[in-house]
Amino acid sequence: MPHLNIVVIEDDTDLRETMKDLLEIEGFSVLVAENGMEGMKLIERSGKPCLILLDLMMPVMNGWEFLDAMQRDQQAILAETQVAVVTAAVEMADLQQRYGCSVLRKPVNVASLFALAHAACDDC
C-alpha cells in the first residue's frame with residue numbers, strides 16, 4: 001500500500017468520494033471513512049496521516065467526538081497531524097482555538113482543497 005497522506009472522514013458519500021477522487025488525481029494517497037469511529041480505526045491500522053479532512057455532523061461518532069477522542073487517546077497523532085474541518089457552519093473559532101484545526105468551508109473550493117493538501121503533505 002502506498003504511503004498514506006490523507007484521511008477523509010465524511011458521511012456524505014458524494015462529497016467523500018469526490019474529495020478522494022480529486023486528491024488522488026492531484027497525486028495524493030487517500031483513505032476514507034464514513035464516521036469518526038471508522039476514521040479512528042482506520043488511523044490506528046494505517047498510521048499517522050499528513051492531513052485529516054473531518055466533517056462535524058456525522059452518525060456514530062461526530063467530528064467533535066472524534067477530536068475529543070483523538071485529544072484524549074491519540075494526543076501524539078493529533079499534535080503532529082493537521083486536521084481541517086470541512087463544514088458549512090459559519091463560526092468555527094472554537095475549533096481553531098481548542099483543537100488547532102483549520103476550516104475548509106462547504107461547498108469545498110477545489111483550489112483551496114489542493115492548497116491545504118499540498119501545505120500539509122508535501123513535506124510529510
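Residues L54 and G63 approach most closely at CD2-O, 3.7 Å, considering heavy atoms. Between L116 and A84, the shortest heavy-atom distance links the atoms CD2-CB, 3.3 Å. Listed here is the closest heavy atom pair of D11 and M57: OD1-O, 3.4 Å. What you find for C121 and F28 is that their closest heavy atoms are CB-CE2, 3.6 Å. The heavy-atom pair separating A120 from L51 by the smallest distance is CB-CB, 4.0 Å. M58 approaches N35 most closely through the heavy-atom pair SD-CA, 3.7 Å.
Applying the 6.0 Å contact sphere to CE of M37 captures no more than 12 heavy atoms from other residues, nucleotides or ligands.
Side-chain contact between L113 and L23 is present, with at least one heavy-atom pair separated by less than 4.5 Å. Contact of the L53 side chain with the V7 side chain is not registered, since no non-hydrogen atoms from C-beta on lie closer than 4.5 Å. Proximity of N5 to V30: side-chain heavy atoms (C-beta onward) are nowhere separated by under 4.5 Å. Looking at heavy atoms from C-beta onward, K106 lies in side-chain contact with D55 at the 4.5 angstrom threshold. In this structure, E26 and L22 have side chains that are not in contact, with every pair of non-hydrogen atoms separated by 4.5 Å or more. Residues F66 and I52 have side chains in contact (heavy-atom distance under 4.5 Å, counting atoms from C-beta outward).
The distance from atom CE of M40 to atom CZ of R45, rounded to the nearest 0.5 Å, is 12.0 Å.
Counting only distance, with no hydrogens or angles, the side chain of R105 and the backbone of A88 share no donor-acceptor pair below 3.5 Å.
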Run the side chain to side chain contact (heavy atoms under 4.5 Å, CB included) check on S46 and L31 step by step: do they pass?
CA-CA 9 Å; S46 303; L31 292 179; 3.4 Å; yes
